[in-house]
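First up is the structure itself, then whatever we jot down about it.
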Amino acid sequence: MPKLVVLYFGAESPAAALADAAAVGARGIRFTEVDVRVGDEHSQPTTQRHRRLESAGALQAYAGIVIACEAAAEMPTALDAVIRELEGTPPDTFLNTVFGVAGGENTVLAGRVAALGGIIVGEPRGATDPEVRARQLGARVAKVMGWVGHALGHEQGTADHHHDHP
């Protein structure tokens with residue numbers, strides 16, 4: 001089952017609500033396993049249902065990563081530290097990872113995520129409510145993860161992907 005992580009920073013911030021909405025959307029896609037993690041080690045999660053991110057390196061285990069971060073003039077320090085660590089990984093580390101950024105006009109964050117070399121899925125247009133957009137983004141990232149996994153199965157010739165397409 002493909003695994004997606006929704007990562008947010010600031011347990012008391014609107015980013016937590018965006019993360020929950022993205023997770024709901026992703027869970028609505030069949031066969032998707034979803035984890036929600038708070039990335040700020042100094043924030044105490046408001047509930048026990050969200051654990052802290054163990055390390056930036058742990059993100060390599062996921063086929064999809066949604067970062068929920070409210071639009072702000074500056075990126076949270078803890079998020080900047082995680083992105084810096086990911087930027088230090090080998091160039092092909094996130095080649096087939098599907099990314100999404102929830103939370104409005106986070107162009108600096110989106111640019112840094114794009115530089116990781118993965119597949120970027122943008123927030124859908126049309127909805128004005130940030131949580132609705134985050135839910136739709138979570139679903140879209142989960143769908144694209146499934147497509148990428150399926151295509152890679154064909155490329156690698158695994159036994160569970162031998163079938164004809166119409």
| message | Less than 4.5 Å apart, side chain to side chain, heavy atoms only: is that true for V98 and W147? | response | no
| note | Here the pair of heavy atoms bringing A142 nearest to L4 is N-CD1, 4.1 Å
| task | Locate the shortest heavy-atom distance separating L18 from G103; write the atom from each residue and the value. | result | CD1-CA, 3.6 Å
| Q136 CD to E131 CD distance, which is reported to the nearest 0.5 Å | 12.5 Å
| said: Salt bridge or not between R133 and D129? Use side-chain N to carboxylate O under 4.0 Å. | reply: no
| request: Heavy atoms only: give me the nearest A26-T32 pair and the separation to one decimal. | output: O-CB, 3.7 Å
| message | Same cluster or not: V141 versus L152, using hydrophobic residues (I, L, V, M, F, W, Y) connected whenever any side-chain heavy atoms lie under 4.5 Å apart? | response | yes
| For R112 and L116, what are the C-alpha separation, side-chain angles and deciding distance, and is it a side-chain contact (heavy atoms from CB on, under 4.5 Å)? | CA-CA 7 Å; R112 289 185 66 192; L116 296 173; over 6 Å; no
| request: Dump the intermediate steps for side-chain contact (heavy atoms from CB on, under 4.5 Å) on R37 and R51, then the final yes or no. | output: CA-CA 5 Å; R37 297 282 186 263; R51 297 189 326 232; 2.3 Å; yes
Cut-off 3.5 Å, no hydrogens considered: what does the side-chain donor-acceptor table look like for residues 58-70, sequence neighbours left out?
| residue | atom | partner | partner atom | Å |
| --- | --- | --- | --- | --- |
| Y62 | OH | D35 | OD2 | 2.7 |

| remark: Closest non-hydrogen contact found for E123 with R140 is C-NH1, 3.7 Å
| said: As a quick check of understanding, evaluate side-chain contact (heavy atoms from CB on, under 4.5 Å) for V38 and L53, giving each step before the final call. | reply: CA-CA 6 Å; V38 61; L53 178 67; over 6 Å; no
| task | Output the distance between atom CE (M75) and atom CG (L109), rounded to the nearest 0.5 Å. | result | 5.0 Å
| request: Flag yes if V148 and I29 sit in one hydrophobic cluster, no otherwise; membership is Ile, Leu, Val, Met, Phe, Trp, Tyr, and two members link when side-chain heavy atoms are under 4.5 Å apart. | output: no
| request: Just do the side-chain contact (heavy atoms from CB on, under 4.5 Å) check on F99 and I119 with the steps written out, would you? | output: CA-CA 6 Å; F99 289 94; I119 300 161; over 6 Å; no
| Between E33 and R27, is a salt bridge (charged side-chain N to carboxylate O under 4.0 Å, His left out) present by the stated rule, with each step listed? | CA-CA 7 Å; E33 185 179 332; R27 286 185 181 113; over 6 Å; no
| Are V132 and V24 linked, directly or through other ILVMFWY residues, by side chains that come within less than 4.5 angstrom of each other? | no
| query | What closest approach, in Å, do F9 and A15 show between heavy atoms, and which atom pair accounts for it? | reply | O-CB, 3.7 Å
| Which heavy atom of A19 sits nearest a heavy atom of V36, and at what distance? | CB-CG1, 4.3 Å
| Got a second to check how far L79's CG is from Y8's OH, nearest 0.5 Å? | 13.5 Å
